[in-house]
Amino acid sequence: MTTPQTPAAAPLDPPLYGASFGDSIRRFFKKYADFSGRASRSEFWWWFLFAVIIAAVYEVLLLVLGNVGNGGRGLGPIGYILIVIYVVWGLVILVPSLALNWRRLHDANLPGPMWFLGFIPLVGWIILLVFYLMPSKPEGARFDRRRA
């Protein structure tokens, strides 16, 4: 008789359905540049929420502290430091965010390059939103790593 695995100890290859907020963030960084396999809706949307929270905190900090040290005339030194920190954050999460989007499309049984539809002006992001909201499909297993 096997004991059930906790989400933290679950293998990284298959998608983690019903992932918690913390599990999703851990898996996001553990699968940093892994474009193969699939990502469940919960993995995707918990990470999305985390990224939105980080962006909101950054915006508040920039509004409150951005002009400190400059007498209220544009950005001060703290504002420039905050901008540099946020640019570095954006670069750090760029590749894993793309990989997560790719894997989410795989879970809906769509090829990862469908992500490029997001570049269609005005409607591309709507198309991707619909794809990201689609339920998981068993046929998406074709994108999983093959074991030799």
Side-chain angles (χ1 to χ4, degrees), residues 4-137 140-145:
Q5 291 185 331
T6 61
L12 292 175
D13 288 342
L16 181 59
Y17 298 108
S20 70
F21 185 77
D23 293 331
S24 298
I25 294 165
R26 276 189 293 279
R27 286 175 71 89
F28 176 81
F29 286 108
K30 284 181 180 178
K31 296 178 84 165
Y32 191 86
D34 187 358
F35 287 78
S36 65
R38 299 172 287 155
S40 68
R41 283 191 291 189
S42 57
E43 285 180 71
F44 179 84
W45 288 110
W46 280 125
W47 167 255
F48 185 84
L49 175 63
F50 180 73
V52 167
I53 290 170
I54 293 293
V57 167
Y58 162 76
E59 288 293 330
V60 169
L61 287 173
L62 191 59
L63 285 171
V64 172
L65 302 174
N67 62 1
V68 170
N70 201 19
R73 300 177 311 243
L75 281 179
I78 295 175
Y80 286 112
I81 291 169
L82 287 171
I83 288 174
V84 168
I85 289 170
Y86 197 68
V87 166
V88 168
W89 168 253
L91 291 173
V92 165
I93 67 167
L94 179 68
V95 170
S97 294
L98 180 57
L100 178 65
N101 283 277
W102 214 266
R103 291 192 313 270
R104 177 65 204 121
L105 291 169
H106 286 174
D107 195 47
N109 195 30
L110 298 165
M114 296 288 275
W115 177 82
F116 290 106
L117 292 174
F119 289 113
I120 297 173
L122 304 175
V123 297
W125 68 273
I126 296 171
I127 295 168
L128 284 179
L129 177 64
V130 170
F131 289 162
Y132 296 148
L133 290 169
M134 291 175 66
S136 299
K137 295 183 180 167
R142 68 188 173 115
F143 295 105
D144 291 347
R145 272 199 199 107

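Along the sequence shown, residues carry numbers from 1.
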- Query: Is atom CH2 of Trp125 surrounded by more than 12 heavy atoms (other residues, nucleotides or ligands) closer than 6.0 Å?
  - Reply: no
- Query: Taking only residues two or more places apart in sequence, or in another chain, which ones meet Ile127 in a side chain to side chain contact (heavy atoms under 4.5 Å, CB included)?
  - Reply: Leu117, Ile120, Val123, Phe131
- What are the two closest non-hydrogen atoms of Arg104 and Ser136, and how far apart are they? NH1-OG, 4.2 Å
- Message: If the test is side chain to side chain contact (heavy atoms under 4.5 Å, CB included), which one of Tyr132, Phe44, Phe143, Tyr17 qualifies with Asp107?
- Response: Tyr17
- Query: Looking at OH of Tyr58 and OH of Tyr86, how far apart are the two atoms once the value is rounded to the nearest 0.5 Å?
  - Reply: 7.5 Å
- Partners of Asp34 by side-chain hydrogen bond (donor to acceptor under 3.5 Å, both in side chains), sequence neighbours excluded? Ser36, Arg145
- Ser24 and Ser42: which non-hydrogen atoms are nearest, and at how many Å? OG-O, 3.4 Å
- If you measure from CZ on Arg26 to OG on Ser20, what distance do you get to the nearest 0.5 Å? 6.0 Å
- Could you tell me whether Trp46 atom CH2 has more than 12 heavy atoms of other residues or ligands within 6.0 Å of it? no
- Enter the distance from Arg41:CZ to Phe48:CZ here, rounded to the nearest 0.5 Å. 15.5 Å
- Message: Nearest 0.5 angstrom please: Arg103 CZ to Glu43 CD, how far?
- Response: 7.0 Å
- Message: Please enumerate all residues that pass side chain to side chain contact (heavy atoms under 4.5 Å, CB included) together with Val87, with sequence neighbours excluded.
- Response: Ile83, Leu91
- Note on the structure: Nearest heavy-atom contact between Val92 and Tyr32 is O-OH, 2.7 Å
- Message: Evaluate Ile93 against Phe50 for side chain to side chain contact (heavy atoms under 4.5 Å, CB included), listing each step before the verdict.
- Response: CA-CA 12 Å; Ile93 67 167; Phe50 180 73; over 6 Å; no
- Note on the structure: Scanning both residues in full, the closest heavy-atom pair of Leu82 with Leu61 reads CD1-O, 3.6 Å
- Nearest heavy-atom approach of Trp47 to Ser97 is NE1-OG, 3.8 Å
- Do Pro111 and Trp102 have side chains that get closer than 4.5 Å, going by heavy atoms? no
- In Å and rounded to the nearest 0.5 Å, what is the CG to OG distance from Leu16 to Ser40? 6.0 Å
- Query: When Asn109 is tested against each of Arg38, Arg142, Lys137 for side-chain hydrogen bond (donor to acceptor under 3.5 Å, both in side chains), which residue passes?
  - Reply: Arg142
- Looking at CG of Leu105 and CH2 of Trp115, how far apart are the two atoms once the value is rounded to the nearest 0.5 Å? 10.5 Å
